[in-house]
Amino acid sequence: MWSAFSRATSGVRWYVRELMDESAYDRYVAHVRRDHPEAEVPSLRDFERMRTERQEADPRQGFRCC
């Protein structure tokens with residue numbers, strides 16, 4: 001019973017993280033480590049700053065309300 005509950009909880013957690021794009025940093029870190037092993041991995045805060053600046057600089061990224 002706990003196994004089924006644990007799998008369900010894990011699945012819901014994965015779905016919410018993907019939906020809210022919280023896993024973007026994890027994917028970015030994996031990309032940097034795989035494709036650019038000599039590069040320094042930015043902190044989560046630096047990543048979010050870079051991502052926000054990129055979105056605001058590119059009008060194709062969509063409307064940013066706040």
Side-chain angles (χ1 to χ4, degrees):
M1 181 166 144
W2 277 110
S3 177
F5 178 74
S6 177
R7 281 195 314 271
T9 302
S10 177
V12 169
R13 182 176 184 275
W14 173 86
Y15 180 76
V16 170
R17 281 178 48 84
E18 290 294 324
L19 184 66
M20 302 304 292
D21 207 21
E22 288 183 16
S23 58
Y25 179 69
D26 297 334
R27 287 191 304 268
Y28 181 73
V29 169
H31 159 75
V32 169
R33 288 186 177 154
R34 180 184 63 245
D35 298 339
H36 310 283
E38 70 286 347
E40 184 176 334
V41 176
S43 67
L44 176 59
R45 183 178 182 158
D46 291 339
F47 170 76
E48 290 296 339
R49 185 178 303 120
M50 290 185 315
R51 193 165 110 168
T52 301
E53 289 171 358
R54 185 181 68 239
Q55 288 173 343
E56 290 177 348
D58 188 355
R60 296 173 297 165
Q61 292 289 327
F63 179 73
R64 179 173 157 85
C65 69
C66 22

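- Counting all heavy atoms, side chain and backbone alike, Pro42 lies closest to Tyr28 at CG-CE2, 3.6 Å.
- Connectivity analysis of hydrophobic side chains (ILVMFWY, heavy atoms under 4.5 Å, direct or indirect) links Val16 to Val12, Met20.
- Within the structure, the side-chain hydrogen bond (donor to acceptor under 3.5 Å, both in side chains) test picks out the following pairs touching residues 7-19 (sequence neighbours left out): Ser3-Arg7, Arg17-Asp26, Glu18-Ser23, Glu18-Arg27.
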Under the side-chain contact (heavy atoms from CB on, under 4.5 Å) rule, what do Val41 and Tyr25 come out as? Steps first, then yes or no, please.
-> CA-CA 10 Å; Val41 176; Tyr25 179 69; 4.0 Å; yes
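- With sequence neighbours excluded, the residues forming a side-chain hydrogen bond (donor to acceptor under 3.5 Å, both in side chains) with Asp35 are His31, listed by chain and number.
- Scanning for side-chain hydrogen bond (donor to acceptor under 3.5 Å, both in side chains) contacts around Ser43 gives Asp46, with sequence neighbours left out.
- Residues passing the side-chain hydrogen bond (donor to acceptor under 3.5 Å, both in side chains) test with Arg33: none are found, sequence neighbours excluded.
- Glu56 CD to Arg54 CZ: the interatomic distance, rounded to the nearest 0.5 Å, is 11.5 Å.
- Taking Ala57 as the reference, nothing meets the side-chain contact (heavy atoms from CB on, under 4.5 Å) condition, with sequence neighbours excluded.
- Heavy atoms of other residues, nucleotides or ligands lying less than 6.0 angstrom from CZ of Arg45 number 12 at most.
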